[in-house]
Amino acid sequence: MPALSLLIKPASGNCNLRCRYCFYANEQENRMVASYGMMSGDTMSCIVDKALAYAHKECVFNFQGGEPALAGLDFYRGLVDYVASHPNPKHVKTHYSIQTNGCLLDEEWADFFAKHHFLVGISLDGTKEIHDRYRLDAAGKGTFNRVMAAIRFLEKKGVDYNILTVVTAQSARSGQKLYQFFKKNRFTFQQYIECLDPIGEEPGSQEYSLTPQRLGNFLKSVFDPWYMDMMAGRYVYNRYFENLMMIMAGQWPESCGMQGVCGRQWVIEADGGVYPCDFYALDEWRLGNITKDSFEEMDKRRDKLGFMEWSRRLPENCRLCQWRNLCRGGCRRHREPVTADTSGKNYFCEGYREFFAYAYPRLEEVLRSYSRR
């Protein structure tokens with residue numbers, strides 16, 4: 001049984017930045033209550049109580065937003081102290097991670113993360129020019145310098161961290177430049193996520209919109225230097241490429257958008273409301289509330305809504321595609337009518353197909369090379 005993984009939003013969608021492409025700000029605009037404020041200590045304690053009772057062997061507390069650092073360092077101190085003092089008869093092993101824009105981090109935060117072994121994800125879209133185009137603060141100023149300073153705090157304290165990059169129309173044109181910038185700064189753990197268009201809008205209509213062609217070109221441009229580094233023994237973790245090789249090796253990918261079916265995720269808002277996915281924290285998908293409902297009850301609600309079952313559907317042309325096993329239909333969010341044609345085909349299909357044809361033989365080389373080591 002896999003670890004119980006919770007994605008918790010202690011500051012709801014509240015944020016100190018105003019990123020122009022923010023998908024969660026768009027979700028807030030599409031539900032009755034935009035922000036659920038700050039999570040109380042009692043709600044966090046209830047999450048811990050129920051999670052440790054429900055988990056089998058391991059439980060991962062992941063924090064995201066909005067900006068989760070807005071909850072304050074004392075919130076997280078209270079969390080780890082409560083977990084440490086909480087009865088744990090099943091001996092569930094706990095892990096912590098946080099995804100942050102970095103702008104509130106300082107040496108005190110870094111000390112805390114190091115002491116309690118937090119894995120920190122830092123949102124950084126690339127060079128100063130690329131990053132500051134969309135990742136602006138409330139005053140409209142770029143945040144690149146503050147993010148880089150936060151990373152140096154983490155490095156100084158020996159905190160494990162990775163880089164999360166949102167791929168936009170602009171960054172898609174600069175894949176190799178972006179890769180070389182990350183390499184120069186020793187950012188060897190990388191995750192790229194496709195920029196989402198607003199709910200209900202025709203895809204590709206925004207200035208920042210990522211199109212299938214742009215995504216295909218980006219993947220190819222990042223793949224080339226990654227391949228050369230990997231074959232030269234210079235290991236660089238790219239989450240997408242890593243998951244492709246897991247599939248090729250007959251393993252189950254850890255990235256939910258590559259599994260062919262939505263996973264049993266638990267997204268918990270600041271009021272305790274629970275949702276099946278970060279991309280679906282909307283009223284119609286609310287599974288219940290952690291302070292009132294059990295995991296079992298909310299799982300039944302998930303099944304009744306048919307959330308996971310929908311993701312198993314594949315149009316006929318997908319079933320016949322030579323890349324079906326690698327693609328598996330992709331993320332549900334890219335297959336909905338709001339982001340794709342009504343056939344249920346992944347909006348980015350042509351970009352993926354182009355990339356697979358371009359990179360597959362060399363992915364096999366990398367897999368063979370590292371399997372021998």
Side-chain angles (χ1 to χ4, degrees), residues 20-24 26-27 125-126 130 134 164-176 178-179 190-224 226 238-248 253-263 277-280 310-360 363:
R20 291 176 180 168
Y21 53 60
C22 180
F23 79 88
Y24 206 73
N26 177 238
E27 285 187 48
D125 281 358
I130 293 172
Y134 296 121
L164 188 146
T165 300
V166 176
V167 184
T168 64
Q170 286 67 37
S171 56
R173 292 194 289 264
S174 305
Q176 289 211 15
L178 192 151
Y179 184 90
Q190 304 164 15
Q191 178 181 350
Y192 300 93
I193 182 170
E194 300 94 340
C195 187
L196 290 175
D197 285 301
I199 294 171
E201 284 194 12
E202 184 72 21
S205 59
Q206 297 288 334
E207 174 198 334
Y208 54 73
S209 293
L210 193 62
T211 63
Q213 182 180 14
R214 289 168 182 164
L215 177 61
N217 290 339
F218 173 79
L219 290 173
K220 290 189 291 184
S221 65
V222 172
F223 177 81
D224 287 341
W226 174 85
N238 178 301
R239 190 185 185 196
Y240 182 60
F241 300 158
E242 197 85 12
N243 273 262
L244 287 177
M245 291 191 294
M246 290 174 71
I247 293 171
M248 293 162 63
E254 54 80 24
S255 178
C256 65
M258 300 176 71
Q259 294 174 359
V261 60
C262 292
C277 174
D278 197 25
F279 293 158
Y280 293 86
W310 189 99
S311 66
R312 297 181 189 275
R313 304 175 187 172
L314 281 179
E316 188 62 23
N317 58 350
C318 289
R319 297 181 186 278
L320 300 175
C321 178
Q322 71 178 106
W323 305 115
R324 174 187 172 182
N325 188 52
L326 275 185
C327 173
R328 302 184 180 188
C331 175
R332 170 182 172 152
R333 183 65 171 79
H334 300 149
R335 294 165 51 200
E336 294 276 20
V338 296
T339 56
D341 62 34
T342 55
S343 72
K345 185 178 76 172
N346 192 303
Y347 171 63
F348 294 115
C349 171
E350 296 308 320
Y352 288 133
R353 286 167 60 92
E354 185 178 332
F355 171 69
F356 294 148
Y358 179 82
Y360 188 80
L363 273 171

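Just so it is clear, the model here is predicted, and its values are computed rather than measured.
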Go through Asp125 and Ser171 one step at a time and tell me if the side-chain contact (heavy atoms from CB on, under 4.5 Å) criterion holds. CA-CA 8 Å; Asp125 281 358; Ser171 56; 6.0 Å; no
Asn243 backbone acceptor or donor facing Glu254 side chain under 3.5 Å: no
Examine distances only and state if a side-chain atom of Arg332 and a backbone atom of Trp310 form a donor-acceptor pair shorter than 3.5 Å. no
Looking at Phe23, I'd like to know if the NZ or CZ of Arg333 sits under 6.0 Å from its six-membered ring centre while staying within 45 degrees of the ring's axis. no
Below 4.5 Å, heavy atoms only, C-beta onward: do Leu219 and Leu215 meet side chain to side chain? yes
Please answer whether the main-chain N or O of Gln190 pairs with a side-chain N or O of Asn238 as donor and acceptor at a distance below 3.5 Å. no
With no hydrogens and no angle check, do the side chains of Tyr347 and Glu194 hold a donor and an acceptor under 3.5 Å apart? no
Test log, rule salt bridge (charged side-chain N to carboxylate O under 4.0 Å, His left out), inputs Glu350 and Arg353: CA-CA 5 Å; Glu350 296 308 320; Arg353 286 167 60 92; 3.7 Å; yes
Any side-chain heavy atom of Gln170 sitting closer than 4.5 Å to one from Ile130? no
Measure centre to centre between the rings of Tyr352 and Trp323, then say whether the value is under 6.0 Å. no
Between Tyr192 and Arg239, is any pair of side-chain heavy atoms under 4.5 Å apart? no
Taking the side chain as C-beta and beyond, is there a heavy-atom pair between Phe279 and Cys331 under 4.5 Å? yes
Determine whether Phe241 and Phe355 satisfy the following criterion, ring pair (Phe, Tyr, Trp, His ring centres under 6.0 Å), listing intermediate values before the conclusion. CA-CA 11 Å; Phe241 300 158; Phe355 171 69; 5.7 Å; yes
Heavy-atom closest pair, residues Asp197 and Gly204: OD2-N, 3.1 Å
